[in-house]
*Asks:* 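The following block contains the structure, expressed as structure tokens.
Note that these values count all heavy atoms, side chains included, but never hydrogens, waters or copies made by symmetry. So you know, we letter chains A, B, ... as the sequences are listed, proteins then strands, and number each from 1.
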Amino acid sequence: MALQELPSALRQLTIKHIGQRARCQTPIARRYASGEATAAAPSETPISEDLQDLEPASSFTTKFSREAVKDYDPVKRAKDRKYQLPASRYQYRSPRYYRGPLHPHQPPPTSDPASREFIPGPFSHNRLEQTWQSTISQDIMTLGYVHKPPGTVDPVKSERLRTWDDSSPYHKNRPKRGPRGPEGVLRLIEKDITPHNIPKITGVTVHSMVKGAIDDSAHLHVAGMVLQAVTGVRPKVHRAKRGLAQFGLRERMPISLTCQFRGNQAYDFVDKCISLVFPKIKDWEGVVGTTGDSSGNIAFGFNREGAMLFPEIEINYDMYPPKMIPGFHVVIHTSAASDRHARLLLSSMGVPFTGKLVD
Amino acid sequence: MAQHTTTTRLLTPLLSSFRSLVLSSETTASATIPKTMATSTRSFSSTPNLAARAKQAKTSDPRVNLIRYHMQHPKTPRPLKFSRMRALRHWTIHRAWMLARRKATEAQEAELIRMHQSMHRACEELRNFDAPGKKDSGRLYRIAMEKKGIFGHGGVPIEYARPQTDTPAREAWNHGWTR
């Protein structure tokens, strides 16, 4: 692709005079001990068989004439050309598969239009993201500001991964132990809200388990179309890990769909939910307060009626077979480390919460 | 009917079959004759009837075929091929956009840090306002450091959430709004 040839072309454009490079008489050479040793005493030490193939003199010691360098003027050559050179027959094609970091053919970055995963850039700002940047982030920072007077000494906290006391000689170099408790899992630590730690939406996952797919695969196709219409992302199919005879589920049967997206698309989806879908739901109090995985990810769901309220489905819902439009779960991933910070962020964006709030 | 034929030529064959099916089903719905007649032949076994019923349950809805056809689309579009100058223009614009975004992000971060430092200075002033040892000194500072109810219900009122738009709304504020 043309962009691949650019760096060298640009380098030639930026070099003003090639001749300036060769001003100094002594060539720009790097000194190294082995070369100097052989140059100093080539005849004294007999050269071994392996090294006889090497040239006696280093190529860095060659001297080139200034006149030959002066004659080289690619700009003049290009300008004197009367006709455009024919297009080269080589057409760059990016590799289809990624074969590892050591392969000679590396895929171009996603921002390069020659890449197979190139998506044209953002064409509009997202109003929810702009609102967050200008208003919500500052207000959350002010709301959660905790004053730390200069000179305060933080209390020493116990280590999270407990080391062994050297009561036994076998404790040396032993790996650290996990946290106490039946689960023994390391939880995220909720840190104070600072300018670098303001919670924001990082991504969204939309998931739908389609029970009708056990009998008829058409349910899965319709559900996939619905999710694709609502999110704008091609859903990924998941198969059952193990079979369940009660539901007629067999192992490796395609049963559920997920869509994961982040950035502008995520903000778009959340904005759509808050401003278009939530107000239309009948007798809806709000997202249940017990939602959350204690790590700052908030989830809620839509049933079939809720899914039909999305503008993409509402406009042509008769193009979907009856009773095949699924409901789905929505998980909003945030950069908050606790549920209460995530709830603070989402309530400032307009998501109401009801019932008992559990962190 | 001329309008119908022109639209079918434009649509995909599957969609046209769906449309004709819908149109035909509307006309033939009234003309169906009940299958079971009053008299004569009643079949010996019920299995062929049951099999027919099962087959009817799995009739191919043309809408399902249409959805399947469109879901088969390959996931990635064809990679672009730009000429030298076009690629150069893209590269320049991309770098300029990256730079502009970086500058905007850095400006926002600097603004947040400036606000945070200003709050810190204000709180420090408040903390050192009263002379120590007096009765109830530092009262205002303690009140300022309270964080009552910010994480519970109504910590951020629902009226706060109004996304910013380029132009104001037709109804700027609903004065009849109640909780």
Side-chain angles (χ1 to χ4, degrees), chain A residues 1-3 5-6 9 91-94 111 113-118 121 127-128 130-131 133-135 137-139 141-150 194-196 198 216 218 221-222 224-225 228 234 271 274-275 289 319-321 324 340-341 343-344 347-353 357, chain B residues 18 57-58 60-61 63-68 70-71 73 75-88 90-91 93-94 97-98 104-105 108-109 111-116 119-120 123-124 126-127 141 144-145 147 150-158 160-166:
Chain A
M1 225 237 60
L3 208 56
E5 308 152 35
L6 269 174
Q91 190 67 257
Y92 172 73
R93 296 176 72 177
S94 54
S111 57
S115 161
R116 287 168 194 264
E117 274 140 45
F118 174 69
R127 67 175 190 179
L128 194 62
Q130 283 196 302
T131 312
Q133 277 163 5
S134 59
T135 318
S137 60
Q138 297 167 0
D139 288 343
M141 189 180 70
T142 311
L143 196 62
Y145 175 77
V146 176
H147 186 66
K148 195 172 157 189
T194 53
H196 301 286
I198 301 170
D216 189 10
H221 291 268
V222 172
M225 183 59 106
Q228 190 174 294
R234 170 81 170 257
D271 195 8
I274 294 170
S275 28
M319 287 303 284
Y320 298 96
M324 278 205 201
R340 60 181 196 170
H341 280 176
R343 274 201 306 267
L344 185 70
S347 56
S348 63
M349 287 180 170
V351 179
F353 290 92
L357 301 174
Chain B
F18 165 66
K58 275 209 174 183
S60 56
D61 198 342
R63 290 177 288 192
V64 170
N65 290 340
L66 202 68
I67 284 169
R68 278 180 172 147
H70 283 103
M71 286 300 283
H73 196 275
K75 291 165 207 181
T76 46
R78 191 172 179 270
L80 291 169
K81 286 179 186 167
F82 281 173
S83 76
R84 197 180 291 237
M85 278 294 116
R86 178 70 183 84
L88 182 62
H90 173 86
W91 178 84
I93 293 166
H94 175 68
W97 174 243
M98 291 283 114
T105 320
Q108 279 150 22
E109 277 174 19
E111 178 67 18
L112 283 171
I113 289 166
R114 187 193 65 83
M115 283 183 167
H116 187 86
M119 282 196 285
H120 180 86
C123 285
E124 258 314 277
L126 195 60
R127 188 173 75 93
Y141 175 68
M145 288 300 111
K147 293 249 172 296
I150 58 167
F151 293 117
H153 284 293
V156 178
I158 199 76
Y160 169 84
R162 271 177 76 92
Q164 290 170 2
T165 47
D166 290 326

*Asks:* Please look at A:Y145 and chain B and tell me whether the side chain, the backbone, both or neither of the residue comes under 4.5 angstrom of a heavy atom of that chain.
*Replies:* both
*Asks:* Got more than 12 heavy atoms from elsewhere within 6.0 Å of NZ, B:K147?
*Replies:* yes
*Asks:* To the nearest 0.5 Å, how far apart are CE in A:M141 and CD1 in B:I113?
*Replies:* 9.0 Å
*Asks:* Taking it one step at a time, do B:E109 and B:T105 satisfy side chain to side chain contact (heavy atoms under 4.5 Å, CB included)?
*Replies:* CA-CA 6 Å; B:E109 277 174 19; B:T105 320; 4.0 Å; yes
*Asks:* If you count heavy-atom pairs under 4.5 Å between each of A:Q138, A:R116, A:M349 and chain B, which one has the most?
*Replies:* A:Q138
*Asks:* Let's go through A:M324 and B:V64 carefully: what are the C-alpha distance in whole Å and the side-chain angles of both, what is the deciding distance for side chain to side chain contact (heavy atoms under 4.5 Å, CB included) to 0.1 Å, and is it a yes or a no?
*Replies:* CA-CA 10 Å; A:M324 278 205 201; B:V64 170; 4.3 Å; yes
*Asks:* Quick one: list whatever passes salt bridge (Lys or Arg N to Asp or Glu O under 4.0 Å) with B:R68, sequence neighbours left out.
*Replies:* none
*Asks:* Any idea which of A:L128, A:T142, A:V351 has the most non-hydrogen atom pairs under 4.5 angstrom with chain B?
*Replies:* A:T142
*Asks:* What part of A:I198 is in contact with chain B, defined as an atom under 4.5 angstrom from a non-hydrogen atom: side chain, backbone, both or neither?
*Replies:* side chain
*Asks:* Who among A:S111, A:G350, A:S94 has the most heavy-atom pairs with chain B under 4.5 Å?
*Replies:* A:S111
*Asks:* Under 4.5 Å from any heavy atom of chain A, what part of B:I158 do you find: side chain, backbone, both or neither?
*Replies:* side chain
*Asks:* Go through the atoms of B:R162 and report whether side chain, backbone, both or neither lie under 4.5 Å from a heavy atom of chain A.
*Replies:* backbone
*Asks:* Taking A:R234, A:H196, A:Q228 one by one, which has the highest count of heavy-atom pairs under 4.5 Å against chain B?
*Replies:* A:R234
*Asks:* Could you tell me which portion of B:H116 (side chain, backbone, both or neither) has an atom closer than 4.5 angstrom to a non-hydrogen atom of chain A?
*Replies:* both
*Asks:* B:M145 versus chain A, heavy atoms under 4.5 Å apart: side chain, backbone, both or neither?
*Replies:* side chain
*Asks:* How far apart are the C-alpha atoms of B:H90 and A:F118, what are their side-chain angles, what is the distance that settles it, and do they pass the ring pair (Phe, Tyr, Trp, His ring centres under 6.0 Å) test?
*Replies:* CA-CA 12 Å; B:H90 173 86; A:F118 174 69; 5.6 Å; yes
*Asks:* Chain B: which of A:H147, A:E117, A:R127 shares the most heavy-atom pairs with it under 4.5 Å?
*Replies:* A:H147
*Asks:* Between atom CE of B:M98 and atom CD1 of B:I93, what is the distance when rounded to the nearest 0.5 Å?
*Replies:* 12.5 Å
*Asks:* Parallel, tilted or perpendicular: which one describes the rings of B:F151 and A:H341, with boundaries at 30° and 60°?
*Replies:* tilted
*Asks:* Return the option, out of B:R78, B:Q108, B:H73, with the maximum number of heavy-atom pairs under 4.5 Å with chain A.
*Replies:* B:Q108
*Asks:* Apply side-chain hydrogen bond (donor to acceptor under 3.5 Å, both in side chains) to B:R86 and list each qualifying residue two or more places apart in sequence or on a separate chain.
*Replies:* none
*Asks:* Check each atom of B:E124 against the heavy atoms of chain A and say whether the ones under 4.5 Å are side chain, backbone, both or neither.
*Replies:* both
